[in-house]
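See below for the structure under consideration.
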Amino acid sequence: MFEAELQSIGNKIRGILAEHNIPAPEKVEWVPLPFSGTWGVATNFFPVAAQEARGGLLPKGKRVPDRAAEIAQLVAEALPLPEGFQKAEAVRGYLNLYFDPAAYSLHVLQAAAQQKDRFGHLPSRGERVMVEYSQPNTHKAFHVGHLRNVILGESVCRILEAAGYDVVRANYIGDIGLHVIKWLWNYINYHNGEEPPAGQKIRWMGDLYAEAVKRLDENPELEAEVRALFARWDARDPEIVALWEKTRRWSLEGFDEVYRRLGVHFDRVYFESEVEEPGKKLVEEMIAKGIAVDERPDGPVVVRLDELLGLEKETYRSYVVLRSDGTSLYSTKDLPLAILKFQEYPDLARSIYVVDVRQSLYMKQIFKTLELMGYPWADKLYHLAYEVVNLPGNVTMSSREGTVVLLEDLMREAKERARAVVEEKNPQLDEATKDAVAEAVGMGAIKYTMLARENTKIVVFDWERALDFNGVAAPYIQYAHVRANSILRKAGVFNPPPVAPKHELHPTEVELISQLALLPDAVKRAAEEFKPLHISNQAYQIAKSFNDFYNQCPVLNTEEDVKAFRLSLVLAAKHALANALRLLAITAPERM
RNA sequence: GCCCCCGUAGCUCAACGGACAGAGCGUCGGACUUCUAAUCCGAGGGUUGCAGGUUCGAAUCCUGUCGGGGGCGCCA
């Protein structure tokens, strides 16, 4: 808001400072006024005063804060009040500029009315980025730990789009590897011919995997059978390949259901199986180039990064790119995948990997290796790390151990609880609407708890907390949206035109408008830092302001002029709430 | 041994180096003949783990330290 005006005012301030032989800053920085119930922008003169002090320009005994207050006072008096502002005042070293309420509120309301479902968004940047996320393994469970990845990745994609990027959503599915071979071994020997029960695909696949691990743990001598099976896979034994294709499809169908329910889709789905052979070829090249060292048959193929870089201190260490028996590893496939991405999308400004923080070293190793191999885009790779989801008592969710909360169980429970609340709060809704509301509220609550938290903080999964619909949570924001919608519906106008207020604004109106105006900043920061947290915070602030406004300012039952203004304010709030929720991949219901 | 993350109210978490460190939950007390009370208002709650440093100014940056978690050659 008012970017150009603020820059012009900044220049005037620099002029005033120069006239008084006060060192002027390169650029005058503005922040929103921190006082609620009023609005405007502020800058301070502490750096200027400190600069004077360093230059020995301050009279002896004069302290920096006092001098800053003096300068602020001087500027406040000398500055001609620009168009669109109501007053300027100097307070303890700060210069506060208050927006003219009528002009400013009209400005915000017009922006919302014009931009609608793009309100809060930023102009196009003409840059393409890829975000790889989800990365589920077939033949394994899909649990709440994986949910954080999907939700975070999807939200980051939406935020980047809102910030003006062209986003390619990529998934990378682990459809081959030791875990798959173990599963197949268990299936062939103990479950041959069985099929997953309808609607239970993921659970059944996960159970069989946990069972396979248990069997092998109890009878380590059976590992030989698994290795033999891996060899048959490597030789592309048709029987094994056919079984792999069939069982893999069960998992993929299960994933599709999950993604549909989460509102997630992908533009490009990569499979580990499609980069396995290219990976093995690449390893041969790396050996030929001297990047990888072949210790076979007594050892694996390794990349000794610290050695290659001449680093004394342990930094990148070394990692294995191919097993001693020639079978592939995760790393065997990640290298060609990165290359393939840039072959398919040569114009990527960034290739982002949403991968949990425990793989930070591994990610650095992959990125560094690609740099050493001379790929010019290696510096565009970025690891977006997030912390894990644990169970109470610091228990890691593990498909191997079977210590997981399955996503389907969480979603079912969330919806059931939400459904019970709908029945209680709004029994007159029809069945279809109740169901839709339960879905939106239940899923929203789950997503919000995952997103309204620093990426670097561990989430401890707790049923009660994950499904708490009160306080700072998605339903609070959804409810504000519903209230806004309800007012517009009752008024019978869905696109009230923006108007300037003719009345003295109520403090809650002022606060709401201020919060609406902060949405673009939140989008900008969230995109720069890959942090949906900034959006969830702002969404909550807007909802809170709206609820305050709702409680204190009648809209329908008031004078015509006031009503016209408030209706357009309600519409702006509705757009802002819906847009913020959309960036979190949370549905904004029309009623609940 | 080397590296990364976390430490803020009883609990879960916010806070762009900037004005008085804020929310929710929980506790106690209030507000529905008025647009949906899944809401709102009030009270109470803090040596931002600790010690130094940088800065006009530090929860935020730096160093050290304590506590918790994680990673470090054939899992992904």
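A note on names: the letters A, B, ... follow the listed sequences, proteins ahead of strands, and every chain is numbered from 1.
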Using atom P of each nucleotide, how far apart are rC6(B) and rC20(B) to the nearest Å? 27 Å
Does Tyr540(A) reach a base, just sugar-phosphate, or nothing at all? Heavy atoms under 4.0 Å. sugar-phosphate
Under-4.0 Å salt bridge between Glu223(A) and Arg215(A): no
Any base atoms under 4.0 Å from Asp298(A), or only sugar-phosphate, or nothing? Heavy atoms, all strands. base
Of Glu529(A) and Gln541(A), the one whose closest nucleotide on RNA chain B sits nearer the 5' end is Glu529(A)
Nearest to the Pro47(A) side chain among rC13(B), rC16(B), rG18(B), which nucleotide is it? rG18(B)
Lys415(A) with Glu439(A): basic N within carboxylate O range, under 4.0 Å: yes
Of the candidates rC6(B), rC35(B), rA38(B), the side chain of Val422(A) sits closest to rA38(B)
Is Val472(A) touching bases, backbone alone, or none of the nucleic acid, heavy atoms closer than 4.0 Å? sugar-phosphate
Under 4.0 Å: is that the gap between some side-chain N or O of Tyr479(A) and OP1 or OP2 of rA38(B)? yes
Taking the P atom of each, how far is rC72(B) from rC62(B), in whole Å? 26 Å
For Gln552(A), report the nucleic acid contact type (base, sugar-phosphate, nothing); a contact means any heavy atom under 4.0 Å. nothing
Residue Ser318(A), side-chain heavy atoms: nucleotide from rC2(B), rG73(B), rA19(B) that is nearest: rG73(B)
Taking the side chain of Arg358(A) as its heavy atoms from C-beta onward, which of rG71(B), rC74(B), rC5(B) lies nearest to it? rG71(B)
Could you please name the option among rC40(B), rA14(B), rU36(B) that lies closest to any side-chain atom of Tyr550(A)? rU36(B)
What's Asn96(A) touching, base or sugar-phosphate or nothing? Going by heavy atoms closer than 4.0 Å. base
So if I take every side-chain heavy atom of Arg323(A) and compare against rC75(B), rC16(B), rU36(B), which nucleotide ends up nearest? rC75(B)
Listing for RNA chain B: consecutive Watson-Crick or G-U pair runs of at least 3, distance cutoff 3.5 Å, ranges ordered by first number, gives B:1-7 with B:66-72, B:10-13 with B:22-25, B:27-31 with B:39-43, B:49-53 with B:61-65
Report which part of the nucleic acid Gln135(A) touches: base, sugar-phosphate, or nothing (heavy-atom distance under 4.0 Å, all strands). nothing
By nearest atom, which of the nucleotides rG73(B), rC41(B), rC35(B) is closest to the Lys490(A) side chain? rC35(B)
Just to be sure I understand the rule, does Asn537(A) reach a base, reach only the sugar-phosphate, or reach nothing, if contact means heavy atoms closer than 4.0 Å? sugar-phosphate
Rounding to the closest angstrom, what is the interatomic distance between rG64(B) and rU48(B) at atom P? 23 Å
Considering every strand and a 4.0 Å limit on heavy-atom distances, what is the contact class for Asn390(A): base, sugar-phosphate, or nothing? nothing
Report which part of the nucleic acid Leu322(A) touches: base, sugar-phosphate, or nothing (heavy-atom distance under 4.0 Å, all strands). nothing
Arg63(A) near the nucleic acid: base, sugar-phosphate alone, or nothing, with a heavy-atom cut-off under 4.0 Å? nothing
For rC75(B), take OP1 and OP2 only and decide whether either is under 4.0 Å from a side-chain N or O of Lys182(A). no
Using a heavy-atom cut-off of 4.0 Å across all strands, would you classify Ser360(A) as base, sugar-phosphate, or nothing? nothing
Have a look at Asp462(A) and say if it touches a base, only the backbone sugar-phosphate, or nothing, with a 4.0 Å heavy-atom cut-off. nothing
Do the side-chain N or O atoms of Arg54(A) get closer than 4.0 angstrom to the phosphate oxygens (OP1, OP2) of rC56(B)? yes
Taking the minimum atom-to-atom distance to the side chain of Asn551(A), which one of rC75(B), rU39(B), rU36(B) wins? rU39(B)
Picking from rU39(B), rC72(B), rA15(B), which would you name as closest to the side chain of Arg317(A)? rC72(B)
Under the criterion side-chain contact (heavy atoms from CB on, under 4.5 Å), I'd like the reasoning laid out for Thr138(A) against Phe255(A): C-alpha separation, chi angles, the key distance, then a yes or no. CA-CA 9 Å; Thr138(A) 63; Phe255(A) 296 159; 4.0 Å; yes
Before accepting this row, confirm whether a basic side-chain N of the pair Arg323(A)/Asp325(A) lies closer than 4.0 Å to the acidic partner's carboxylate O. no
Side-chain ion pair, Arg148(A) and Glu387(A), N-O less than 4.0 Å: no
Presence of salt bridge, Arg304(A) and Glu295(A), under 4.0 angstrom: yes
Using only side-chain N and O atoms of Lys425(A), determine if any of them is under 4.0 Å from OP1 or OP2 of rA38(B). yes
Less than 4.0 angstrom from a charged side-chain N to a carboxylate O is my criterion; do Lys333(A) and Glu272(A) meet it? yes
Both Gly177(A) and Tyr476(A) contact RNA chain B. Taking the nearest nucleotide for each, which residue is further toward the 5' end? Tyr476(A)
Would you please determine if the base of rA19(B) is stacked by Tyr94(A), with stacking meaning a centroid separation under 5.5 angstrom and planes under 30 degrees? yes
Using a heavy-atom cut-off of 4.0 Å across all strands, would you classify Arg591(A) as base, sugar-phosphate, or nothing? base
Applying a 4.0 Å non-hydrogen cut-off, can you work out what Ala385(A) is touching in the nucleic acid: base, sugar-phosphate, or nothing? nothing
From the set rC56(B), rA14(B), rA19(B), return the single nucleotide nearest to any side-chain atom of Leu33(A). rA19(B)
